[in-house]
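Below you'll find the structure, written out as structure tokens, and then a few comments.
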Amino acid sequence: MGNKNELLRKIDEGYSKFSKGQKKLADFIKEEYDKAAFLTAAKMGEEVGVSESTVVRFAMALGYDGYPGFQKALGEMVRTKLNSIQRMEVTYGRISQGEILTSVLQSDIDKIKLTMRSIDRESFELAVDTLLHARKIYVVGIRSCAPLANFLSFYLNLICDNVVAVHTNSSSEIFEQLIRIGEEDVIVGISFPRYSMRTLKALEFASNRKAKVITLTDSVHSPMTIYSSCNLIARSDMASIVDSLVAPLSVVNALVVALCMKKQDEVITTLETMERIWDEYQVYSKDELNMVDDKVELSGVKEEIDGDESCE
């Protein structure tokens, strides 16, 4: 294996002999090497839940003179930036095809558990109150974070007035949409590694206009926290070619539910109005499948289709 994976090779070779604390450190480095490279031995211990001396002993167990040599190797790893396929090999290289489903689902469960343990409850309450009292809410998320931003915008729109899902095809387009943002408004920026400069610039612009900034990101060390007054930290998993954003989506769900509970009457009224509109304009007729007595029924269509009949 080439030079750039030297550290990972040492971790893999020694893994079975590591103590429990050293295994936790090994897992942390494999998953979050890009952050680990910037941490002191004490900070890394804090992040993983082991002592500083355990971190130093771990560096020496890998054959480095001490923590500085180990940190230099981490820095090399970040500079060479393992590509997606290599990251996938690091995490899933030793398991069989049949174990992949279980492994990926378990990894997502772990990320939700880690998020649940570490998320700041006060920040969450502050985010809910900030959204509740905002004149206008802007939501920005780019690339793999765009589905999260769209999901949040969709539900916020049912709960709050004046929600803007910021279109993010170019920086100029972003600033055109944010041109009227002010101190009574709030922007929610969603960004996970690799972080988006466009999202960061949008948050900087909003912050300069005295708007309140809420970020949903993966770490207090994330650059997205520079401009925010409120950080929601959810663990993501960059181990494969697909960014796992299951835990961030759970936090988005929690925000939506909390806002619904605070604005129950308005939400009920909005949903009742939507039902009437859907009925009146037949929005869902012929576009929705309903289960009726274990049979599938197309809305607005009389014929029933059960499991044994073909649809003509």
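Using modelled atom types and a 3.5 Å distance limit, the side chains of Asn150 and Ser153 yield no donor-acceptor pair. Neither side chain, Tyr138 nor Asn162, offers a donor N or O lying under 3.5 Å from an acceptor on the other. When only modelled atom types and interatomic distance are considered, Ser51 and Thr54 share a side-chain donor-acceptor pair under 3.5 Å.
When all heavy atoms of Ile159 and Cys260 are compared, the closest pair comes out as CD1-SG, 3.6 Å. Annotation for Ile187 and Val140: closest pair CD1-CG1, 4.0 Å, computed over non-hydrogen atoms. Considering all non-hydrogen atoms of both residues, Ser191 and Thr217 come closest at O-OG1, 2.8 Å. When all heavy atoms are compared, the tightest approach of Met44 to Leu74 is CE-CD1, 4.0 Å. Nearest heavy-atom pair across Val128 and Ala258 is CG2-CB, 3.7 Å. Closest of all the heavy-atom pairs between Ala247 and Arg235 is CB-O, 3.3 Å.
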Could you walk me through whether Phe151 and Val139 pass the side-chain contact (heavy atoms from CB on, under 4.5 Å) test, one step at a time? CA-CA 10 Å; Phe151 187 90; Val139 183; over 6 Å; no
Could you walk me through whether Lys30 and Asp12 pass the salt bridge (charged side-chain N to carboxylate O under 4.0 Å, His left out) test, one step at a time? CA-CA 10 Å; Lys30 282 162 66 166; Asp12 275 349; 3.7 Å; yes
Output, in order, the C-alpha distance, side-chain angles, deciding distance and verdict of side-chain contact (heavy atoms from CB on, under 4.5 Å) for Ile119 and Ile233. CA-CA 6 Å; Ile119 197 161; Ile233 306 298; 5.5 Å; no
Could you walk me through whether Gln71 and Tyr64 satisfy the side-chain contact (heavy atoms from CB on, under 4.5 Å) test, starting with their C-alpha distance in whole Å, then the side-chain angles of each, then the deciding distance to 0.1 Å, before giving a yes or no? CA-CA 9 Å; Gln71 197 171 29; Tyr64 299 99; over 6 Å; no
side-chain contact (heavy atoms from CB on, under 4.5 Å) between Asp120 and Asn231: does it pass, once the steps are laid out? CA-CA 8 Å; Asp120 184 338; Asn231 301 318; over 6 Å; no
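Look at Lys43 and Glu46 and you find a salt bridge, because one of the NZ, NE, NH1 or NH2 atoms lies within 4.0 Å of a carboxylate O, short of that distance. Looking at Asp185 and Arg180, no side-chain N of the basic residue comes within less than 4.0 Å of a carboxylate O on the acidic one, giving no salt bridge.
With a 4.5 Å cut-off on side-chain heavy atoms, Leu131 and Ile137 count as touching. Proximity of Phe70 to Ile29: side-chain heavy atoms (C-beta onward) are separated by under 4.5 Å at one or more points. No side-chain heavy atom of Asn208 sits under 4.5 Å from any side-chain heavy atom of Tyr227. At a threshold of 4.5 Å between non-hydrogen side-chain atoms, the residues Phe192 and Ser144 do not count as touching. Using a 4.5 Å heavy-atom cutoff, the side chains of Lys262 and Leu259 are not in contact. With contacts defined as side-chain heavy-atom distances shorter than 4.5 Å, the pair Asp108/Ile112 does not qualify. For the pair Lys136/Ile181, no side-chain contact is recorded, criterion being any heavy-atom separation below 4.5 Å from C-beta on. Within the 4.5 Å cutoff, no side-chain heavy atoms of Leu25 are placed close to those of Leu62.
Residues Leu148 and Leu158 are members of one and the same hydrophobic cluster, defined by side-chain heavy-atom contacts under 4.5 angstrom among Ile, Leu, Val, Met, Phe, Trp and Tyr. Under the 4.5 Å side-chain heavy-atom criterion for ILVMFWY residues, a single connected hydrophobic cluster contains both Tyr155 and Val252. Residue Leu114 is not grouped with residue Met116 when hydrophobic side chains (ILVMFWY) are merged at heavy-atom distances under 4.5 angstrom, including chains of intermediate members. Taking hydrophobic clusters as Ile, Leu, Val, Met, Phe, Trp and Tyr residues chained together by side-chain heavy-atom distances below 4.5 Å, Met224 shares a cluster with Ile226. In the hydrophobic clustering of this structure, Phe154 groups with Val163; members are Ile, Leu, Val, Met, Phe, Trp, Tyr whose side-chain heavy atoms approach within less than 4.5 Å, directly or through other members.
Asp27 contributes atom CG, which lies 10.0 Å from atom NZ of Lys24 (distance to the nearest 0.5 angstrom). Atom CG of residue Leu203 and atom CD1 of residue Ile190 lie 10.5 Å apart, to the nearest 0.5 angstrom. The OG atom of Ser118 sits 14.0 Å away from the NZ atom of Lys113 when rounded to the nearest 0.5 Å. Taken to the nearest 0.5 Å, the CG atom of Asn157 stands 11.0 Å off from the CG atom of Leu152. For the atom pair CG of Leu8 and CD of Glu13, the computed distance is 11.0 Å after rounding to the nearest 0.5 Å. Taking CZ of Arg135 as the start and SG of Cys160 as the end, the distance is 14.5 Å to the nearest 0.5 Å.
With hydrogens and angles ignored, the 3.5 Å screen pairs no side-chain donor or acceptor of Ser207 with any backbone N or O of Glu204. At distances below 3.5 Å, not a single donor-acceptor pair connects side-chain atoms of Thr215 with backbone N or O atoms of Ser228. Gln177 places a side-chain N or O within donor-acceptor distance of the main-chain N or O of Glu173, the cut-off being under 3.5 Å.
Using bins of under 30°, 30° to 60° and over 60° for the plane-to-plane angle, the ring pair Phe18/Phe58 lands in the perpendicular bin.
If you run side chain to side chain contact (heavy atoms under 4.5 Å, CB included) between Leu216 and each of Leu249, Val251, Leu255, Leu245, only Val251 comes through.
For the pair Lys201 and Phe175, the cation-pi test (distance below 6.0 Å, angle within 45°) is failed.
In this structure, Asp129 places its CG atom where more than 12 heavy-atom neighbours from other residues, nucleotides or ligands lie under 6.0 Å away. Atom CD of Glu183 sits in a sparse spot, with 12 or fewer heavy atoms from other residues, nucleotides or ligands closer than 6.0 Å. Arg143 CZ: 12 or fewer foreign heavy atoms inside a 6.0 Å radius.
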